[in-house]
Novice: 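Below: one structure in structure tokens.
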Amino acid sequence: QVQLVESGGGLVQAGGSLRLSCVASGGTFTRYSMGWFRQAPGKEREFVSSISRGDGTTTYADSVKGRFTISRDNAQNTVYLQMSRLKAEDTAVYYCASRLAAGVGPNVYSPSNYAYWGQGTQVTVSS
């Protein structure tokens, strides 16, 4: 059973930066593609970014492209989300997720395609 634990959330002013981390345990990390999603109050969970297993192909939502960077450290079983130039509309609970798949193509966008989830970490951006 894969377990995911996020950290790094907090309160930051607009224009600032945060780095989220997600540590995985209970599985062979290199077999999984990883994703970040977020959910704001009253809204559906939405895709933020993903990174494939293997060559580390990355995918981003248009709303974060150019501001957020996803990366993974397979030696540390960790995936990161570096968030820069944060905006008030980035405020949400951020979730890490994993799936036993390559992690490329349109399937990366849907939360239903991810089998394992972390508990979430709150990111609040003040304007």
Side-chain angles (χ1 to χ4, degrees):
Q1 182 76 6
V2 173
Q3 292 184 326
L4 304 174
V5 179
E6 303 100 332
S7 62
L11 174 63
V12 64
Q13 289 189 331
S17 299
L18 281 175
R19 188 178 80 157
L20 306 183
S21 301
C22 172
V23 179
S25 61
T28 303
F29 187 67
T30 54
R31 296 180 66 195
Y32 292 83
S33 60
M34 304 297 296
W36 286 98
F37 290 77
R38 65 188 182 187
Q39 189 166 18
K43 295 189 176 181
E44 293 188 352
R45 192 166 297 190
E46 66 173 2
F47 172 81
V48 175
S49 182
S50 67
I51 186 165
S52 72
R53 65 187 183 192
D55 66 1
T57 299
T58 58
T59 306
Y60 296 95
D62 287 343
S63 60
V64 307
K65 206 170 289 184
R67 300 188 298 121
F68 290 10
T69 302
I70 190 171
S71 61
R72 64 188 296 162
D73 183 340
N74 290 334
Q76 299 295 324
N77 288 359
T78 302
V79 61
Y80 302 98
L81 186 69
Q82 177 67 49
M83 305 185 294
S84 303
R85 290 185 283 143
L86 283 160
K87 305 175 182 179
E89 51 263 44
D90 295 318
T91 295
V93 177
Y94 283 71
Y95 296 92
C96 172
S98 68
R99 56 193 293 251
L100 194 61
V104 294
N107 288 337
V108 304
Y109 296 104
S110 174
S112 64
N113 289 328
Y114 291 78
Y116 303 102
W117 292 83
Q119 82 289 351
T121 186
Q122 176 70 47
V123 172
T124 302
V125 184
S126 62
S127 56

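Every value quoted in this text rests on a predicted model; they were computed, and no experiment measured them.
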Novice: With ring centroids as reference points, do Tyr95 and Phe37 lie under 6.0 angstrom apart?
Specialist: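 Not close enough - the centres of the two rings lie 6.0 Å or further apart.
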
Novice: If you measure from CD on Gln82 to CZ on Arg67, what distance do you get to the nearest 0.5 Å?
Specialist: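 Answer rounded to 0.5 Å: 12.0 Å.
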
Novice: To the nearest 0.5 Å, what is the distance between OG on Ser98 and CH2 on Trp117?
Specialist: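 One finds 9.5 Å between OG of Ser98 and CH2 of Trp117.
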
Novice: Should Leu11 and Gln122 count as side-chain neighbours, where that means a heavy-atom distance under 4.5 Å?
Specialist: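 In short, these two side chains do not touch, never coming nearer than 4.5 Å.
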
Novice: So Leu4 and Val23, do their side chains get closer than 4.5 Å, heavy atoms only?
Specialist: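 A side-chain contact is absent here, since even the closest heavy-atom pair is not under 4.5 Å.
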
Novice: Salt bridge or not between Lys65 and Asp62? Use side-chain N to carboxylate O under 4.0 Å.
Specialist: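 The answer is yes: the pair qualifies as a salt bridge.
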
Novice: For Phe29, is the NZ or CZ atom of Arg72 found under 6.0 angstrom from the centre of its six-membered ring and inside 45 degrees of the ring axis?
Specialist: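 Yes - Arg72 lies over the ring of Phe29, closer than 6.0 Å to its centre and within 45° of its axis.
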
Novice: Would you check if there is a donor-acceptor pair between the side chains of Asn107 and Ser110 at a distance under 3.5 Å?
Specialist: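 The criterion, which ignores hydrogens and geometry beyond distance, is not satisfied for Asn107 and Ser110.
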
Novice: Which distance, rounded to the nearest 0.5 Å, do you find between the CZ of Phe47 and the CZ of Arg45?
Specialist: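 Phe47 CZ to Arg45 CZ: 14.0 Å, rounded to 0.5 Å.
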
Novice: Is Gln119 atom CD crowded by more than 12 heavy atoms from other residues, nucleotides or ligands, each under 6.0 Å away?
Specialist: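 Yes, because the 6.0 Å sphere around CD of Gln119 holds more than 12 heavy atoms from other groups.
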
Novice: Given the ring of Tyr32, does Arg99 sit roughly above its face, with NZ or CZ under 6.0 Å from the centre of the six-membered ring and within 45° of the axis?
Specialist: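 Judged by the rule, Arg99 and Tyr32 form no cation-pi pair.
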
Novice: Would you call Cys22 and Trp36 a side-chain contact if the rule is heavy atoms closer than 4.5 Å?
Specialist: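 Yes - at least one pair of side-chain heavy atoms lies under 4.5 Å apart.
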
